[in-house]
Amino acid sequence: MTEIADLIDEQHWLTFARCAPSAHHDERPAQEPIDLVVIHCVSLPEGQFGTGAPERLFLGELDVAEDPSFADLEGMQVAPHLLIDRAGEVVQFVPFDRRAWHAGVSCWQRRQSCNGFSIGIELEGDVASAYTLAQYQNLHKVLMTLCHNYPAIGVDRIVGHSEIAPGRKTDPGPFFDWQGLLTGLSDDISQATDAD
């Protein structure tokens, strides 16, 4: 497991991700363990991929004049910890020990404001489309790494945005393969634990 342990550096950045530091984060609450992963999806404009607009949004560099649908994004300060694009590239915006502004108004197991104790992962996609094999492969690698380095995160603590903001959010949507992801993750964690 040394290899997995080394995939996050001392500053809480993934060693295999492209770093694109965002200012959209702050301190996590004191004594609040990182024990939840929230999976989102994003496409800008909606349903269009490969535009680069989500990354510009997360960096505070989006020109809302680019598309009429961006009007309500004026002045928005939002960023996940990670984005995984359609080709599987992993981009990190916020170190994991910082509170990224990704979940908004949210609640998990009667705990409010999930940003304080979660890691946010955006997948380039929308609720009407399937995700790519490359995205699932690198999401699996990311989640294995997070579960190892932040032991309070278990397979049962990986959720969709829709689960922490029901009625307000629907992502990652009905085409997201939860069963395949979580079954594969559980199997690999068990094998890794047995090998220790």
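The figures that follow rest on heavy atoms only: side chains count, while hydrogens, waters and symmetry mates do not.
- Residues L82 and W101 do not share a hydrophobic cluster, clusters being chains of Ile/Leu/Val/Met/Phe/Trp/Tyr side chains in contact below 4.5 Å.
- At least one side-chain heavy atom of L181 sits under 4.5 Å from a side-chain heavy atom of L143.
- Cluster note: W108 groups with L36, V38, F117, V159, I164 through ILVMFWY side-chain heavy atoms spaced under 4.5 Å, whether in direct contact or through intervening members.
- Between the side chain of R28 and the backbone N or O of A100, no donor-acceptor pair lies under 3.5 Å.
- Here the shortest heavy-atom pairing between A165 and V105 reads CB-O, 3.8 Å.
- The nearest pair of heavy atoms linking I34 to I153 is O-CG1, 3.6 Å.
- At a threshold of 4.5 Å between non-hydrogen side-chain atoms, the residues F96 and L146 count as touching.
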Note to self: Quick one, L59 with F93, criterion side chain to side chain contact (heavy atoms under 4.5 Å, CB included). Give me CA distance, side-chain angles, the key distance, then yes/no.
What the structure shows: CA-CA 8 Å; L59 294 175; F93 299 95; 3.9 Å; yes
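- By the ring-ring contact (aromatic ring centres under 6.0 Å, His included) test, F176 is found to be paired with Y131, Y136, W178, residues two or more places apart in sequence or in another chain being considered.
- Expressed to the nearest 0.5 Å, how far OG of S118 lies from CD1 of I158 amounts to 12.5 Å.
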Next item on the list: Step by step, work out the side chain to side chain contact (heavy atoms under 4.5 Å, CB included) result for M144 and D188.
Entry: CA-CA 8 Å; M144 282 289 292; D188 286 353; 3.8 Å; yes
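- D171 contributes no side-chain N or O that, together with a main-chain N or O of G173, makes up a donor-acceptor pair within less than 3.5 Å.
- Linking Ile, Leu, Val, Met, Phe, Trp and Tyr residues whenever their side-chain heavy atoms come within less than 4.5 Å leaves I84 and F175 in two separate clusters.
- A donor-acceptor contact shorter than 3.5 Å links the side chain of T51 to the backbone of L44.
- Side chain of T145 to main chain of L7: no donor-acceptor pair is present (N/O by atom type, distance under 3.5 Å, no hydrogens or angles).
- The side chain to side chain donor-acceptor pair (under 3.5 Å) pairs that include a residue from residues 90-99 are H25-R98, D26-R99, E27-R98, where partners are two or more places apart or lie in different chains.
- Note that SG of C41 is 7.5 Å distant from CD of E122, once rounded to the nearest 0.5 Å.
- Taken from OG in S129 to CZ in R86, the straight-line distance is 6.0 Å, to the nearest 0.5 Å.
- For E55 (side chain) and G52 (main-chain N/O), no donor-acceptor pair under 3.5 Å exists by modelled atom type.
- The two residues Q112 and C107 come nearest to each other via the heavy atoms NE2-SG, 3.4 Å.
- If you chain together hydrophobic residues whose side chains sit under 4.5 Å apart, Y150 and W13 never meet in one group.
- Among residues two or more places apart in sequence or in another chain, the side chain to side chain contact (heavy atoms under 4.5 Å, CB included) test is passed with E74 by V64.
- Considering only residues two or more places apart in sequence or on other chains, S186 meets the side-chain hydrogen bond (donor to acceptor under 3.5 Å, both in side chains) condition with none of them.
- Between V42 and L83 the shortest side-chain heavy-atom distance falls below 4.5 Å.
- Applying the side-chain hydrogen bond (donor to acceptor under 3.5 Å, both in side chains) test to T132 and every residue at least two apart in sequence or in another chain returns Q135.
- Residues E89 and D85 come closest through the heavy atom pair N-OD1, 2.8 Å.
- The closest side-chain heavy-atom distance from F58 to P80 is below 4.5 Å.
- Scanning all heavy atoms of the two residues, the minimum distance from H24 to L57 falls at CE1-O, 3.9 Å.
- Residues D187 and S190 have side chains that never bring a donor and an acceptor to within less than 3.5 angstrom of each other.
- Under the rule for a ring-ring contact (aromatic ring centres under 6.0 Å, His included), F70 has no partner lying at least two apart in sequence or in another chain.
- Under the side chain to side chain contact (heavy atoms under 4.5 Å, CB included) criterion, D63 pairs with A65, E66, not counting sequence neighbours.
- The shortest side-chain heavy-atom distance between V127 and P172 does not fall under the 4.5 Å cut-off.
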Margin query: Could you go through V142 and F16, starting from their C-alpha distance and side-chain angles, then the distance that decides it, and tell me whether this counts as side chain to side chain contact (heavy atoms under 4.5 Å, CB included)?
Written below: CA-CA 9 Å; V142 165; F16 59 89; 3.9 Å; yes
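- For the residue pair N149 / H12, no side-chain donor-acceptor distance below 3.5 Å is found, with atom types taken as modelled.
- Not counting sequence neighbours, the partners of E32 by the side-chain hydrogen bond (donor to acceptor under 3.5 Å, both in side chains) test are R111.
- Contacts of E61 classified as salt bridge (charged side-chain N to carboxylate O under 4.0 Å, His left out), with partners at least two apart in sequence or in another chain: none.
- Applying the ring pair (Phe, Tyr, Trp, His ring centres under 6.0 Å) test to every pair with at least one member in residues 26-50, sequence neighbours left out, gives these pairs: H40-H102, H40-H161.
- The two residues G47 and D126 come nearest to each other via the heavy atoms CA-OD2, 3.1 Å.
- Contact annotation: the side chain of H140 approaches that of L185 to within less than 4.5 Å [non-hydrogen atoms, C-beta and beyond].
- Applying the side-chain hydrogen bond (donor to acceptor under 3.5 Å, both in side chains) criterion to S69, with sequence neighbours excluded, gives D67.
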Next item on the list: Apply side chain to side chain contact (heavy atoms under 4.5 Å, CB included) to L139 and I39, showing your working.
Entry: CA-CA 10 Å; L139 178 59; I39 298 177; 4.1 Å; yes
